[in-house]
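Shown next, in structure tokens, is the structure this report addresses.
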Amino acid sequence: MERQIVVKSTVGLHASLAAKIVQAASKYSVDIFLHYKDKTIDVKSILGLMSLAIPSGENVVIEASGDKAEEAITDIATILG
């Protein structure tokens, strides 16, 4: 399953926000990926997330598969949006 999300943080995806996302994603035994432009990053990788340098207002797609995929996507969407 996947969901499109707009990054609403005024400074975009920064280190503190990336850390919160990794912490939330790590609670789940699911595969979770973030798609931005032509890149796909494992959401459980803080360096991967930070390497994207996503500015505020950009659209990203979160994709997850597994038993609690919907719950994981909702948690991450709440942090990003």
Requested in this report: Give, for atom CD of Glu58 and atom NZ of Lys37, the distance between the pair rounded to the nearest 0.5 Å.
Outcome: 5.5 Å
Query raised in the report: Is the closest side-chain heavy-atom distance between Val43 and Val22 below 4.5 Å?
Result: no
**Report entry** Over all atoms of both residues, closest heavy-atom pair of His35 and Thr40
**Finding:** ND1-OG1, 2.8 Å
Query raised in the report: Do Leu13 and Leu47 belong together in a cluster built from hydrophobic side chains that touch within less than 4.5 Å?
Result: yes
Query raised in the report: What are the two closest non-hydrogen atoms of Ala72 and Val30, and how far apart are they?
Result: CB-CG2, 4.0 Å
Report summary line: On a heavy-atom basis, the closest approach of Ala18 and Ile46 is CB-CG1, 3.9 Å
Report summary line: Rounding to 0.5 Å, atoms CD1 (Ile5) and CZ (Arg3) come to a distance of 6.5 Å
Query - Hphob cluster co-occupancy, Met50 + Ile76, side-chain heavy atoms under 4.5 angstrom - result: yes
Query raised in the report: Does a sphere of radius 6.0 Å around NZ in Lys44 hold more than 12 heavy atoms from other residues, nucleotides or ligands, not counting ones at 6.0 Å or beyond?
Result: yes
**Report entry** Contact check, side chains of Leu80 and Ile21, non-hydrogen atoms, under 4.5 Å
**Finding:** yes
Query raised in the report: Does a side-chain heavy-atom distance below 4.5 Å link Asn59 with Tyr36?
Result: no
Query - Side-chain heavy atoms of Ile79 within contact of Leu17, under 4.5 Å - result: yes
**Report entry** Residue pair Ile41 / Leu52, side-chain heavy-atom distance below 4.5 Å
**Finding:** yes
Requested in this report: Report the distance from atom CG of Leu49 to atom CG of Asp42, rounding to the nearest 0.5 Å.
Outcome: 8.0 Å
Requested in this report: Verify the cluster assignment for Val11 and Ile54: are they in a single hydrophobic cluster under the rule of side-chain heavy atoms below 4.5 Å apart?
Outcome: no
Query raised in the report: Do Gln4 and Val60 come close enough that some side-chain heavy atom pair is under 4.5 Å?
Result: no
Query raised in the report: Any side-chain heavy-atom pair from His14 and Ser9 closer than 4.5 angstrom?
Result: yes
Report task. Show your working on side-chain contact (heavy atoms from CB on, under 4.5 Å) between Glu63 and Ile32 and close with a plain yes or no. Result -> CA-CA 6 Å; Glu63 175 187 5; Ile32 312 171; over 6 Å; no
Query raised in the report: Can we say Asp75 and Lys27 salt-bridge, meaning some charged N sits less than 4.0 Å from an Asp/Glu carboxylate O?
Result: yes
Query - Linked, directly or transitively: Leu34 and Met1 (ILVMFWY side chains, under 4.5 Å) - result: yes
